[in-house]
Amino acid sequence: MEKLIPGLEGVPIMESQVGFIDGQKGILEYRGIPIEVLAESSTYEEVAYLLLWGKLPNREEMAKFDHDLRTHRRVKYRIIDLMKCLPETGHPMDALQAAVAALGMFYPAKIDPAEIQPGTDVLARDKHYWSIIRLIAKLPTIVAAFERMRHGDEPVRPRDDLSHAANFLWMLTEQDPDPLDARILDVCLILHAEHTMNASTFSGLVVGSTLADPYTLVASAIGALTGPLHGGANEQALRMFREIGTVENVRPYIEAKLKAKARIMGVGHRVYKVKDPRAYVLQGLAEHLFRVKGEHPLYRVAQEVERVINEHVGAKGIASNVDFYSGVVYDQLGIPIDLFTPVFAIARVAGWLAHWVEQMKNNRLFRPDQIYTGQHNLPYVRMEQRT
Ligand code: SDX
């Protein structure tokens with residue numbers, strides 16, 4: 001009898017060289033480079049290149065990739081018109097998924113099965129290279145456009161004289177972004193760019209394994225990221241801090257939640273059994289930002305939640321994850337709370353596509369098995385005989 005593995009926990013489903021996690025030691029590397037080093041020294045654009053090609057770009061490679069991204073940020077007016085038809089009260093992740101699913105209709109992206117052979121490098125194929133560029137370059141434009149339009153404002157045209165992170169802040173506010181804010185967001189995008197076989201990457205790869213196009217793959221991954229057990233936790237964690245309100249309320253609130261076996265958002269991880277290395281970096285970013293802009297009013301609440309969690313369940317390997325502190329950083333940057341998960345998607349699109357590039361070199365359709373627990377060979381009971 002096959003052994004059931006709920007949630008495929010610990011089940012390796014493919015080989016990869018894109019990212020590496022050691023959940024016991026709290027290590028995360030992108031293409032072998034520790035995340036702390038990349039957060040300190042790199043940019044999102046450079047990290048996206050590293051993830052896709054498996055190496056840091058030289059000056060010329062970086063200049064071309066950056067130029068291609070900057071000059072493909074605009075979206076067709078029909079995508080804007082499509083989003084204008086969506087309810088303003090809808091969640092921005094749903095708008096993002098709808099727009100991205102439609103995006104591929106405007107560009108040649110469909111895959112001819114004959115073109116995918118063992119060893120195929122889709123990055124070397126113009127059609128797929130430009131799909132990758134358009135997805136990384138346009139997701140921020142789509143998110144910012146929906147944010148503007150749901151408040152009755154025209155979308156702000158992207159600027160190609162700004163970095164990826166700075167341009168996103170520009171499109172949200174139509175104000176030249178503070179360089180510190182742009183750098184803080186740039187590092188947040190680096191921290192969220194890749195994380196091995198998480199639920200959204202896996203979802204995208206299942207779709208990719210059928211040779212669906214990369215726009216459809218990314219739309220599927222966005223769907224998975226939406227859930228509060230995955231990317232949606234960053235928004236929920238800040239909502240929880242707001243609900244707690246004061247440091248004095250933390251202990252009774254958290255103890256009641258733990259007693260009720262409720263899941264505390266921003267805490268716990270399938271792989272990390274220590275504090276998420278990204279949470280440390282995000283905490284450092286938060287404190288840097290707060291020294292300049294003033295402390296977030298709920299930061300001490302967050303720190304007290306972390307202390308109480310550690311006291312009660314730290315020994316079980318349950319600690320803060322990437323979604324625990326990202327919300328107070330984004331909130332202090334003026335990013336609306338329901339855009340936190342779309343910002344996660346804007347970053348993770350590079351990781352999703354890097355795994356797709358790797359998958360197309362040695363693709364195999366995902367089709368797992370199940371353990372059937374139903375009955376067999378039952379009769380068809382006519383309507384008049386049914387109770
Ligand atoms: C992300 O996978 C990735 O890499 C994801 C991600 C990425 O970059 O792609 O890192 C991003 O999604 C981070 C996780 C964001 N989600 C949350 O913060 C939601 C809250 N977290 C939990 O729902 C939970 O920790 C999961 C879903 C993240 C992981 O849960 P598992 O591995 O399925 O573990 P489990 O639910 O089976 O819990 C194991 C034990 C249970 O205790 P027992 O019943 O065995 O006594 O740990 C406890 C749980 O009660 N537990 C928690 C908890 N998480 C686990 N208890 C309270 N609060 C929590 N958050």
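In listed order, ligands and their atoms are each counted from 1. The model shown is predicted, which means the values in this text are computed figures rather than measured ones. These values consider heavy atoms only, across backbone and side chains, with no hydrogens, waters or symmetry-generated copies. For the single chain, residues carry numbers from 1 onward in sequence order.
Remark: aromatic rings of H195 and Y272 are close, center separation under 6.0 Å.
For I21, no nitrogen or oxygen atom sits less than 3.5 Å from a nitrogen or oxygen atom of ligand 1, counting backbone and side chain alike. Annotation: L258 places no N or O atom under 3.5 Å from an N or O atom of ligand 1; distance criterion only. Not one N or O of V322 is nearer than 3.5 Å to an N or O of ligand 1, by distance alone. Residue A233 has no nitrogen or oxygen atom sitting less than 3.5 Å from a nitrogen or oxygen atom of ligand 1, judged on distance alone. An N or O contact shorter than 3.5 Å is missing between K273 and ligand 1 by distance. Looking at E9 next to ligand 1, no N or O pair under 3.5 Å apart turns up.
Using a 4.0 Å cutoff on heavy atoms, G232 does not count as a contact of ligand 1.
The CG atom of L191 lies 10.5 Å from the CZ atom of R348; values are rounded to the nearest 0.5 Å. Atom OG1 of T120 and atom CD1 of I111 lie 10.0 Å apart (nearest 0.5 Å). Annotation: the span from I33 atom CD1 to L50 atom CG amounts to 5.0 Å, rounded to 0.5 Å. Annotation: the span from H355 atom NE2 to L51 atom CG amounts to 8.0 Å, rounded to 0.5 Å.
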